[in-house]
Amino acid sequence: MSPKPTWGCPARPQPLGARLRPPPDSVSGPGELNRGVVIGVGTLTQTPLHPANRSPATMAELQEVQITEERPLLPGQTPEAAKEAELAARILLDQGQTHSVETPYGSVTFTVYGTPKPKRPAIFTYHDVGLNYKSCFQPLFQFGDMQEIIQNFVRVHVDAPGMEEGAPVFPVGYQYPSLDQLADMIPCILQYLNFSSIIGVGVGAGAYILSRFALTHPDTVEGLVLINIDPNAKGWMDWAAHKLTGLTSSIPEMILGHLFSQEELSGNSELIQKYRNIVMHAPNLDNIELYWNSYNNRRDLNLERGGDVTLKCPVMLVVGDQAPHEDAVVECNSKLDPTQTSFLKMADSGGQPQLTQPGKLTEAFKYFLQGMGYMASSCMTRLSRSRTASLTSAASIDGNRSRSRTLSQSSESGPLPSGPPGHTMEVSC
């Protein structure tokens, strides 16, 4: 675990992480009672003897002392009331705690689920244009198989400024942050929470923002799952096409074309109808347009394989087959270190794999975490079981977290071909 960085953001009293994490062990002097370590609402207690009074027999007895958990009650509190309070606290954590923090570029809202786990990063999500964290990620994180993952990590879901539910519309002339500035807001969130490392999960504009943050704070980002990322700035041809489209299409229609493929929009499935309604009737549509403009004015990430500008952490790139951003994600894959990058192209998933194929994406995410050294004792998923032998043999060559593979999801199932590290492997599964 890397040391906690100094972010330089406005100071926040009593950060959430300090309130949720156990304090360091208290130190007792000779003959004093060690009050123990507070964990949740319980207390671990042990009464040491003065060193001068410890005989060999006493020392042997001390080695057999069992540390027991006590749950002290507040004055006048009954055991039933204590249980109800504990249950209420757990429900509150399951429902999430929403916070806002001031940054040099304005206020940002985020929701925290769960409590920090020792020596584990937080899962940190950032949504795409036209969505917020709920509409972008809820189908994925509420999926049944995902529960094993979220029990092992605290989660932080960020809403871009003005995208949270009930957000007021920004005044006319408001200067919305650029994507680079949105990335610069992240350190203030981590400082507020007292978190030192994250695993980022981003979609579209959110994937770009997390990538920008990883380039400027490589020691803070342990891994990235990037869905529909486009690392390139818009060229003149793209700019002209965007302007022409704006003459014949409304902002909501352009955003829907960014989120979904034309085949999906023409099919007008129940999912498309739901998200068309979300975008078309969004009460903060003016705010969404500002976020959309920032995305279209993004700078090039200037990624270069083997160069100084590259993502140094493990990366899983995800895109749907025939998705609007398929070519951009393929190009991004060509610019990243193949020993650190996995490429998952999912069939029958359209433009938003986390919405249409949460099961497949959950399996891939679990295997990605296992490749990073987390959840090693977790139950193997269908996706990873079919690939265990070949991936294990490939990974054992270098003996570290370096991984090299491209995963292409299709309806046919086949074994994963093994190959030496440093070469991308095409997989049909």
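The first residue of the sequence shown is numbered 1, and numbering continues consecutively from there. FYI, side chains are in, hydrogens and waters are out, and symmetry mates aren't considered; it's all heavy atoms of this structure.
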Exercise. Do you see a donor-acceptor pair shorter than 3.5 Å between the side chains of H157 and T125?
Worked result: yes
For this session: Would you confirm whether the ring centroid of Y374 sits within less than 6.0 angstrom of the ring centroid of F153?
Result: yes
Exercise. Does the S261 side chain pair with the main chain of G350, one donor and one acceptor, at a distance under 3.5 Å?
Worked result: no
Exercise. Is the backbone N or O of C313 less than 3.5 Å from a side-chain atom of E222, with the two atoms forming a donor-acceptor pair by type?
Worked result: no
Problem set entry | Passing candidate, side chain to side chain contact (heavy atoms under 4.5 Å, CB included) with F110, options T98, L193, D159 | L193
Exercise. Parallel, tilted or perpendicular: which fits the ring planes of H217 and F213, with parallel below 30° and perpendicular above 60°?
Worked result: parallel
Exercise. Is the backbone of Q352 close enough, under 3.5 Å, to the side chain of N228 for a donor and an acceptor to pair up by distance?
Worked result: no
Problem set entry | Of L224, I186, V201, I199, the residue whose pairing with F124 passes side chain to side chain contact (heavy atoms under 4.5 Å, CB included) | I186
For this session: Considering non-hydrogen atoms only, spot the tightest contact between E264 and G351 and give its length.
Result: OE1-N, 2.8 Å
Seminar exercise, completed: dist L344:CG -> F365:CZ (nearest 0.5 Å) comes out at 12.5 Å
For this session: Flag the pair D230 and R298 as a salt bridge only when some basic side-chain nitrogen lies within less than 4.0 angstrom of an acidic carboxylate oxygen.
Result: yes
Problem set entry | SB check K335 E331 (cutoff 4.0 Å) | yes
For this session: Could you verify whether a donor N or O on one side chain and an acceptor N or O on the other, from D128 and H258, lie under 3.5 Å apart?
Result: yes
Problem set entry | Side-chain donor-acceptor pair present, T339, D337, cut-off under 3.5 Å | yes
For this session: Mark yes when over 12 heavy atoms from residues, nucleotides or ligands other than Q175 sit less than 6.0 Å from its CD; otherwise mark no.
Result: no
